[in-house]
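Chain A is the first sequence line, chain B the second, and so forth, proteins listed ahead of strands; every chain is numbered from 1. Note that these values count all heavy atoms, side chains included, but never hydrogens, waters or copies made by symmetry.
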Number of protein chains: 4
Amino acid sequence: MSREDHSVPAMSLTIKSVPIIMTNSHYMNTGHNKKTERRKNEQLARRKAIIKAAREVFFAKGFMSATIDEIADRCGLAKGTIYLYFKSKEELYISVMAEGMQRLRKEFEVLKKRPPGGNEFVESAFMAYYHFFKRNRKYFRIMFLSSQPDMRSRVPEEALRGCMEAARECLGIVRDLVQEGIEAGCYRKVDAWAVANILWATINGIIMAYEQDPIYREEIVGMELEQMLLQSLDLALEGLRLKK
Amino acid sequence: MSREDHSVPAMSLTIKSVPIIMTNSHYMNTGHNKKTERRKNEQLARRKAIIKAAREVFFAKGFMSATIDEIADRCGLAKGTIYLYFKSKEELYISVMAEGMQRLRKEFEVLKKRPPGGNEFVESAFMAYYHFFKRNRKYFRIMFLSSQPDMRSRVPEEALRGCMEAARECLGIVRDLVQEGIEAGCYRKVDAWAVANILWATINGIIMAYEQDPIYREEIVGMELEQMLLQSLDLALEGLRLKK
Amino acid sequence: MSREDHSVPAMSLTIKSVPIIMTNSHYMNTGHNKKTERRKNEQLARRKAIIKAAREVFFAKGFMSATIDEIADRCGLAKGTIYLYFKSKEELYISVMAEGMQRLRKEFEVLKKRPPGGNEFVESAFMAYYHFFKRNRKYFRIMFLSSQPDMRSRVPEEALRGCMEAARECLGIVRDLVQEGIEAGCYRKVDAWAVANILWATINGIIMAYEQDPIYREEIVGMELEQMLLQSLDLALEGLRLKK
Amino acid sequence: MSREDHSVPAMSLTIKSVPIIMTNSHYMNTGHNKKTERRKNEQLARRKAIIKAAREVFFAKGFMSATIDEIADRCGLAKGTIYLYFKSKEELYISVMAEGMQRLRKEFEVLKKRPPGGNEFVESAFMAYYHFFKRNRKYFRIMFLSSQPDMRSRVPEEALRGCMEAARECLGIVRDLVQEGIEAGCYRKVDAWAVANILWATINGIIMAYEQDPIYREEIVGMELEQMLLQSLDLALEGLRLKK
DNA sequence: CATGAATGAGCGTTCATTCAT
DNA sequence: GATGAATGAACGCTCATTCAT
């Protein structure tokens with residue numbers, strides 16, 4: 001059973017990874033009041049610990065069945081403390097999701113550094129997404145929740161934006177790949193942004209189908225996720241490719 | 001709603017096995033089980049009424065915030081009565097979903113009767129789905145819930161199968177269309193079932209994207225759903241089409 | 001569809017056992033309207049069937065957890081029908097109890113016909129009670145419920161009287177035995193009624209102890225019920241016996 | 001009560017491993033867990049208050065008709081708070097019972113300190129029990145519930161043991177009295193434990209008879225409880241006494 | 001009479017959230 | 001800040017009882 005490594009080596013706090021998550025960090029290294037700075041770090045660490053615990057519980061039980069009590073237990077904090085960091089269960093949820101999007105974004109980042117000249121533009125994005133999915137499968141299920149009206153109405157818009165931005169950046173990368181493909185004369189002259197969105201949606205749609213009940217997956221779809229994705233990639237490429 | 005249920009009187013009574021169970025012996029085969037038949041109809045109607053109310057409440061509030069109390073109020077029944085027809089909130093949910101799938105399936109049915117000779121195979125399915133979506137938009141949101149583990153674990157498998165079957169039939173229709181396209185020499189020789197699933201997933205993925213927060217829809221995707229679907233159709237067709 | 005399902009060996013109704021249970025039987029055998037008489041019999045049979053079913057369910061589940069639904073199912077009647085015969089769950093309960101007391105009384109009746117001259121007066125009552133207990137163990141548990149205030153407040157006094165009368169008769173028989181013992185010169189000149197009550201209470205108390213949690217029975221009392229009863233009999237006899 | 005918990009601020013930070021788990025690090029061994037101690041006391045008091053309220057409601061309404069709402073109201077707590085202290089209505093019930101047994105045990109304790117030389121061994125126990133009963137009459141009714149199968153199956157075994165132990169201790173005291181009587185040459189050489197159990201059961205049986213419906217008490221038993229107990233004591237003593 | 005669908009008050013219980021310490 | 005006891009509204013659900021058929 002492939003492990004999903006949301007462990008967070010904790011190390012990460014000391015390194016650059018922090019600024020990514022940190023949204024509310026307006027502390028400047030003027031050298032002065034260390035105490036405050038130390039505090040900030042502690043708080044940040046705590047915040048991450050809570051998100052980690054929440055993620056684990058949400059993954060194990062689902063959002064609806066998860067309880068703040070269990071999350072608090074799991075990170076060794078008091079229930080009240082959770083509310084010091086997150087206004088509601090829903091904000092906690094969105095934060096877990098945001099963190100997942102950040103991870104994905106980070107993995108997508110490498111696509112930007114592709115050596116020029118290769119011609120698997122879209123393929124690489126497909127694969128990057130697929131590999132992320134394999135290691136973070138459970139994120140997807142809870143992501144599908146974010147469209148629920150009772151979730152959305154309770155999620156602070158600002159927290160949501162964090163997710164969105166990450167998604168936008170990923171899509172931007174895909175768009176760039178498509179654009180490169182066009183410019184390299186491989187792809188037809190399509191609207192790269194639209195295609196990026198379509199590819200993105202396609203993968204999500206396929207994954208969603210696979211996260212349905214096993215009955216659906218086995219008796220209806222009846223083929224492995226990887227195969228399905230590859231065929232879908234094939235179809236898309238065929239649609240994109242410029243025919244001489 | 002004109003009832004014609006004085007229909008066929010005795011029939012069932014001619015079967016011996018009945019008397020054993022029967023305790024309520026005193027009405028004879030005179031005008032006979034009018035009562036029973038009427039009952040059946042009433043029950044069916046009530047069931048539908050409950051599903052309708054549930055649908056409305058689920059749509060308005062979301063599954064999590066919906067309450068049985070409100071559903072009961074909305075269809076003018078007592079709370080206990082709801083539980084006479086549905087074992088749990090989750091079963092009610094799945095029944096709403098099943099009903100939605102039935103509707104979709106019914107609309108897809110017409111695709112089967114397409115006059116031969118036309119060549120918009122996949123287009124017609126896309127459009128059928130899209131039109132259904134426009135009129136039943138809110139179904140989709142709640143459908144996305146069915147992948148939640150805490151939902152699935154509480155939904156009676158049998159009720160789920162109802163949904164699945166309808167979905168399978170729709171997919172079958174799409175596959176047939178693809179197959180026709182292949183046989184008509186319009187499409188490449190692809191795995192029609194896989195392609196049907198991919199198309200299906202693509203549309204769902206796109207819809208899901210649009211059912212995300214408006215921020216996502218407006219600021220990120222930034223184009224109308226219809227456009228997006230059309231472009232996606234275009235891409236898919238291009239991918240399917242046989243090039244001379 | 002002629003059904004003759006007043007089945008019920010019915011026999012039983014024709015014999016003497018009836019008058020005992022029957023409280024509301026003012027039908028005289030004037031020969032006329034047989035129909036009515038048949039009805040009466042049917043009703044009586046139904047009543048007994050319900051009590052039987054109730055007994056089984058009360059025994060299996062306990063009064064609190066028993067449901068009218070299950071009782072109705074078990075005797076193949078509709079729930080509403082139960083309420084035609086018994087005003088409430090509590091009346092049903094008391095009727096089960098009354099029926100148990102009638103049984104006990106019937107078994108005690110034989111003590112009245114003891115051949116004169118024997119000298120095991122009290123012993124025979126002890127043993128009769130004990131044997132009844134062994135075969136009707138579960139009656140006792142539910143009997144202990146009758147002292148609950150929320151039971152009593154809902155039991156129609158009239159139904160209760162049925163129980164009481166049977167108990168009184170049993171006690172009367174015990175008193176007579178004690179009296180015989182006194183007159184035979186075996187026992188001291190005690191108040192026979194009081195002693196009868198004391199003996200009765202003693203046995204009930206012992207049985208109650210045994211119907212407590214097994215922990216109590218095994219870890220605390222620590223001896224077999226039969227032994228305990230015998231020792232208790234021994235003690236009582238020793239107390240009663242006239243010493244020369 | 002001066003709290004000194006602004007104590008030592010950073011501390012915990014110096015230890016590396018700590019921050020992860022340690023959450024409540026900030027109060028050191030100064031005047032120290034005064035807080036905790038106060039809490040403990042408060043909790044104990046609350047627990048007692050709840051038991052008191054429950055007792056009152058159970059006594060007034062009976063277990064079945066009692067509601068947690070009423071119990072909560074009566075002790076001025078929220079319903080949820082009750083569940084912080086007791087897992088279920090049944091646990092509350094058993095706790096009320098346990099508390100009653102503790103009281104009885106405490107009253108029995110004095111019997112242990114009887115000045116030697118007296119010869120009313122069993123009498124004193126009878127009387128202690130009787131006096132307890134007079135002041136705590138209503139306990140007995142609800143005690144009779146504990147033999148109900150649907151009660152027992154829902155009572156946490158551990159809570160039950162509390163009751164049992166108290167009962168066992170009382171019985172132990174009675175046994176000792178009997179034993180003393182034997183050793184003092186007053187009583188026959190009987191099995192003291194069995195006799196203790198028999199006496200106990202006898203009193204309980206008598207009390208149960210008196211807690212039946214008033215009809216039973218008045219029309220059947222027809223004598224005062226005290227008289228009955230005295231006669232029963234008399235009978236038992238007569239049975240125990242060593243005859244020259 | 002018998003039925004059984006409908007009722008609906010009421011249940012025990014949960015848990016996100018608050019707030020005094 | 002951190003705590004965790006307290007809250008109490010809301011929950012899903014039950015079931016004795018009624019009543020139209």
Side-chain angles (χ1 to χ4, degrees), chain A residues 39 42-43 46 65-72 77-90 92 154, chain B residues 22-27 34-36 38-39 42-43 46 64-70 72 76-90 92 154, chain C residues 39 42-43 46 65-72 77-90 92 154, chain D residues 1 3 5-6 9 22-27 34-36 38-39 42-43 46 64-72 76-90 92 154:
Chain A
R39 270 276 163 81
E42 260 178 29
Q43 285 188 2
R46 195 102 70 190
S65 306
T67 67
I68 299 288
D69 267 301
E70 193 174 348
I71 293 168
L77 291 171
K79 189 151 54 160
T81 309
I82 305 286
Y83 281 87
L84 243 39
Y85 289 84
F86 299 90
K87 273 204 294 294
S88 68
K89 195 185 179 189
E90 282 80 11
L92 201 38
R154 300 177 57 88
Chain B
M22 214 159 40
T23 46
N24 49 346
S25 35
H26 301 308
Y27 46 100
K34 250 177 226 178
K35 238 182 225 167
T36 312
R38 157 104 57 95
R39 273 275 166 79
E42 267 172 22
Q43 283 189 9
R46 191 101 64 195
M64 294 185 278
S65 306
T67 70
I68 300 285
D69 267 303
E70 192 175 346
L77 291 171
K79 187 153 53 162
T81 310
I82 305 289
Y83 282 91
L84 233 45
Y85 288 84
F86 299 92
K87 274 202 294 293
S88 68
K89 196 187 181 188
E90 281 82 10
L92 202 37
R154 304 170 65 93
Chain C
R39 270 277 163 80
E42 262 177 26
Q43 284 188 5
R46 195 102 70 189
S65 306
T67 67
I68 300 287
D69 267 301
E70 192 174 348
I71 294 168
L77 291 171
K79 190 151 55 160
T81 310
I82 306 286
Y83 282 86
L84 244 38
Y85 289 84
F86 300 90
K87 272 203 296 293
S88 68
K89 195 186 179 188
E90 281 79 11
L92 200 37
R154 301 177 56 90
Chain D
M1 209 179 289
R3 213 99 357 68
D5 53 9
H6 43 277
M22 202 170 51
T23 49
N24 50 351
S25 36
H26 302 307
Y27 46 100
K34 252 176 223 176
K35 234 183 224 168
T36 312
R38 154 106 58 96
R39 273 276 164 79
E42 267 173 21
Q43 283 190 9
R46 191 101 62 194
M64 295 185 276
S65 307
T67 70
I68 300 286
D69 267 303
E70 192 175 346
I71 293 169
L77 291 171
K79 186 150 57 158
T81 309
I82 305 289
Y83 282 88
L84 234 45
Y85 289 84
F86 299 91
K87 272 203 296 294
S88 66
K89 194 186 180 189
E90 281 81 10
L92 200 38
R154 305 171 64 94

Spacing of B/Y83 atom OH relative to E/dC11 atom C1', expressed in whole Å: 13 Å
Intra- and interstrand pairs of DNA chain F - dot-bracket, Watson-Crick/G-U under 3.5 Å, | marks other strand: .||||||||||||||||||||
Residue closer to the 5' end of DNA chain F, C/E90 versus B/K87 (nearest nucleotide): B/K87
Spacing of CG belonging to B/L92 relative to CD1 belonging to B/I82, to within rounding of 0.5 Å: 6.5 Å
Distance, nearest 0.5 Å, that separates CE of B/M64 from CZ of A/R154: 9.5 Å
Whichever of D/S65 and A/K89 has its nearest DNA chain E nucleotide further upstream toward 5': D/S65
Closest approach of A/A78 to A/A72 (non-hydrogen atoms, all atoms of both residues): C-CB, 4.0 Å
For B/R46, all residues meeting side-chain contact (heavy atoms from CB on, under 4.5 Å), sequence neighbours excluded: B/I50, B/L77, B/Y85
D/E70: partners by side-chain hydrogen bond (donor to acceptor under 3.5 Å, both in side chains), with sequence neighbours left out: D/K61
D/R154 CZ to E/dT13 C1', straight-line distance once rounded to whole Å: 11 Å
Touch class at under 4.0 angstrom, heavy-atom based, for A/A66 against every strand present: sugar-phosphate
Protein-to-nucleotide contact annotation, 5' to 3' order, nucleotides 5-10 of chain F [B base; S sugar-phosphate only; - none; under 4.0 Å, heavy atom]: SBBB--
Distance, rounded to the nearest Å, where D/I71 contributes CD1 and E/dG12 contributes P: 8 Å
Among F/dT17, E/dT13, F/dG12, the one nearest B/I68 by side-chain distance: F/dG12
Contacts of type salt bridge (Lys or Arg N to Asp or Glu O under 4.0 Å), residue B/E42, not counting sequence neighbours: none
Pairs meeting criterion salt bridge (charged side-chain N to carboxylate O under 4.0 Å, His left out) with involvement of residues 78-88 of chain C, two or more places apart: C/D69-C/K79, C/K87-C/E91
For atom CG of A/D69 and atom C1' of E/dA16, their distance in whole Å: 9 Å
